[in-house]
Visitor: 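Quick one: structure below, then a few questions.
Naming convention: chains lettered A, B, ... in sequence-line order (proteins, then strands); numbering from 1 in each chain.
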There are 2 protein chains.
Amino acid sequence: MSKQELPATQPRAGDVNGAACCAPPACEPLGQAEAEELARLFKAVADPVRLRLLSLIACHEGGEACVCDLTDAFDLTGPTISHHLKVLRKAGLIDCERRGTWVYYWINSGMLERLSAILGPRVAVTA
Amino acid sequence: MSKQELPATQPRAGDVNGAACCAPPACEPLGQAEAEELARLFKAVADPVRLRLLSLIACHEGGEACVCDLTDAFDLTGPTISHHLKVLRKAGLIDCERRGTWVYYWINSGMLERLSAILGPRVAVTA
DNA sequence: GCACTGCTTAGATGAATGTCTAAGCAGTGC
DNA sequence: GCACTGCTTAGACATTCATCTAAGCAGTGC
């Protein structure tokens with residue numbers, strides 16, 4: 001847990017024999033802390049069931065869907081869908097509210113847009 | 001593996017007692033096949049080491065970096081970095097070329113932009 | 001050819017993750 | 001209050017994944 005703290009401007013192991021293999025970075029790359037937080041978000045999205053859940057919610061009229069509708073769209077048990085929804089919720093990608101018997105979910109589009117922006121023009125980011 | 005093939009227009013389980021819990025989708029949600037392919041791509045990005053690798057490569061002068069430089073930025077062994085680079089390569093997110101002693105990697109920005117677009121305005125997508 | 005460096009592949013191992021069943025909590029309606 | 005439905009939590013289990021060490025392949029230079 002020390003190498004990633006190097007100033008990255010000191011003489012490099014690659015400079016042996018006087019032949020540098022490559023140039024220093026031209027912009028500030030992602031730090032470890034940001035990378036870990038972003039990876040947490042991407043992990044939440046990196047599952048076919050959760051991608052389809054997001055899509056189903058986004059596609060529903062009014063931008064929200066109840067769990068029963070989401071569950072019906074899969075060949076999975078209720079607890080499994082509930083688990084995936086929880087992962088998305090913990091990542092801040094969706095929010096939910098109980099209304100009487102049913103629980104409704106909707107997309108937190110700000111979070112998705114943040115992820116989108118990171119992959120967009122360039123990976124380096126001020127996050 | 002059959003429920004997701006439902007037309008989604010037939011009477012629903014949620015209609016019990018005549019009280020529908022929710023409305024049908026307002027647009028075409030992600031299919032299972034597309035979701036699986038996208039999840040594969042997102043999984044490749046959903047790791048702090050791989051995010052930093054992408055960032056380091058993108059930030060390097062000329063848009064490419066050699067492995068030795070990438071390895072030095074982490075507190076991980078060479079084989080581990082090589083493994084992560086392979087994951088990114090198999091996902092089509094980066095490409096590489098050997099030039100003499102060193103191997104250089106660069107970003108396949110088209111792939112990243114595709115992922116970016118999916119998370120962007122809406123999750124529903126014609127992928 | 002031989003030693004050296006750079007990088008990848010192969011195989012093992014511990015941790016994280018997706019799924020299930022069983023059980024519990026929260027509303028609704030009789 | 002009691003039964004019923006909708007949804008979540010808890011815990012178990014199989015699979016996937018990140019990492020390591022050991023070994024192998026590819027260039028370079030003497």
Visitor: Testing the basics here: between B:Leu30 and A:Ser55, what is the closest heavy-atom pair and its distance to 0.1 Å?
Guide: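 What the structure gives for the nearest pair is N-OG, 2.7 Å.
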
Visitor: Pairing of DNA chain D as dot-bracket, 5' to 3': ( ) intra-strand, [ ] crossing, | other strand, . unpaired, with Watson-Crick or G-U pairs under 3.5 Å?
Guide: ||||||||||||||||||||||||||||||

Visitor: Would you say A:Tyr104 places a side-chain N or O within less than 4.0 Å of OP1 or OP2 belonging to D:dG6?
Guide: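 Indeed not, no polar side-chain atom of A:Tyr104 lies that close.
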
Visitor: In residues 77-94 of chain A, what donor-acceptor pairs under 3.5 Å come from side-chain atoms, sequence neighbours left out?
Guide:
residue : atom : partner : partner atom : Å
A:Thr77 : OG1  : A:Thr80 : OG1          : 3.1
A:His84 : ND1  : A:Arg50 : NH1          : 3.0

Visitor: In terms of side-chain heavy atoms of B:Leu76, which of C:dC20, C:dC7, D:dC20 is nearest?
Guide: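 It is D:dC20.
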
Visitor: Of all the choices, C:dG6, D:dG6, D:dC7, which nucleotide is nearest to the side chain of B:Trp102 once you look at every atom?
Guide: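 The answer is C:dG6.
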
Visitor: I want to confirm an ordering. Mapping A:Thr101 and A:Ala46 to their closest nucleotides on DNA chain C, which one lands closer to the 5' end?
Guide: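 Looking at DNA chain C, the more 5' nearest nucleotide goes with A:Ala46.
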
Visitor: Heavy atoms from C-beta onward define the side chain here; which of D:dT19, D:dT8, C:dT8 lies closest to that of B:Tyr105?
Guide: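 Closest nucleotide among those given: C:dT8.
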
Visitor: Look at A:Ser82 and D:dT8 and indicate whether a side-chain polar atom (N or O) is within less than 4.0 Å of OP1 or OP2.
Guide: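 Checking D:dT8 against A:Ser82, a side-chain N or O does come within under 4.0 Å of OP1 or OP2.
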
Visitor: Using heavy atoms to find the nearest nucleotide of DNA chain C for A:His84 and B:Val103 separately, return the residue whose nucleotide is more 5′.
Guide: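 Nearest-nucleotide comparison on DNA chain C picks B:Val103.
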
Visitor: For B:Glu97 and D:dA26, give me the distance from atom CD to atom P, rounded to whole Å.
Guide: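 So the CD-P distance, B:Glu97 to D:dA26, works out to 17 Å.
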
Visitor: Can you check each nucleotide of nucleotides 10-17 of chain D against protein heavy atoms at under 4.0 Å and return B for base, S for sugar-phosphate only, - for none, in 5' to 3' order?
Guide: -------S

